[in-house]
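Structure first, commentary second.
Fair warning: this is a prediction, and the values are worked out from it, not measured in the lab. Heavy atoms only: backbone and side chains are in, while hydrogens, waters and symmetry mates are out.
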Amino acid sequence: MGIGEQLRRQAGNSFLAGDLNMLLPRIEIQGDRQVIIENHEGILEYSNEVMRIKCGRLMVKISGEGLELGNVTLTDLTVAGRIISVELL
């Protein structure tokens with residue numbers, strides 16, 4: 001049993017249970033300057049104006065100006081620039 005499963009079992013039905021699901025993406029939008037995505041599965045499209053990120057059954061489409069990737073790991077990434085929209089597809 002992995003650490004994520006142990007944490008989910010300990011949390012039970014508490015308000016933290018959703019945050020501990022390592023299979024679901026977590027998306028944080030910081031104003032119009034940055035989007036942080038946790039638990040992604042890869043970058044599908046990359047340009048200065050559009051980025052599409054695979055997140056399980058969802059795809060996250062970020063549109064903007066001067067978009068750049070930063071802090072990319074196997075599961076987490078940051079998109080910076082002028083964010084115009086974030087769509088869940």
So how far is it from [X] [atom1] to [Y] [atom2], rounded to the nearest 0.5 Å?
{"X": "T78", "Y": "I36", "atom1": "OG1", "atom2": "CD1", "value": "5.0 Å"}
{"X": "D76", "Y": "E38", "atom1": "CG", "atom2": "CD", "value": "5.0 Å"}
{"X": "S85", "Y": "D32", "atom1": "OG", "atom2": "CG", "value": "12.0 Å"}

Quick one: side-chain hydrogen bond (donor to acceptor under 3.5 Å, both in side chains) partners of E45, sequence neighbours excluded? R52

Quick one: does Q30's side chain get under 4.5 Å of V35's, heavy atoms only?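 A side-chain contact under 4.5 Å is absent here.
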
Can you get from [X] to [Y] by hopping between Ile, Leu, Val, Met, Phe, Trp and Tyr side chains that sit under 4.5 Å apart?
{"X": "L77", "Y": "L89", "result": "no"}
{"X": "I29", "Y": "I84", "result": "no"}
{"X": "V79", "Y": "I27", "result": "yes"}
{"X": "I43", "Y": "M51", "result": "yes"}

Heavy-atom neighbours of E41 CD exceed 12 at 6.0 Å: yes

Looking at L74, I'd like to know if its CG atom is crowded, meaning that more than 12 non-hydrogen atoms belonging to other residues, nucleotides or ligands lie closer than 6.0 Å.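 Not more than 12 within 6.0 Å, no.
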
Which pairs of donor and acceptor atoms, one on a side chain in residues 54-72, lie under 3.5 Å apart (sequence neighbours left out)?
residue: K54; atom: NZ; partner: G56; partner atom: O; Å: 3.0

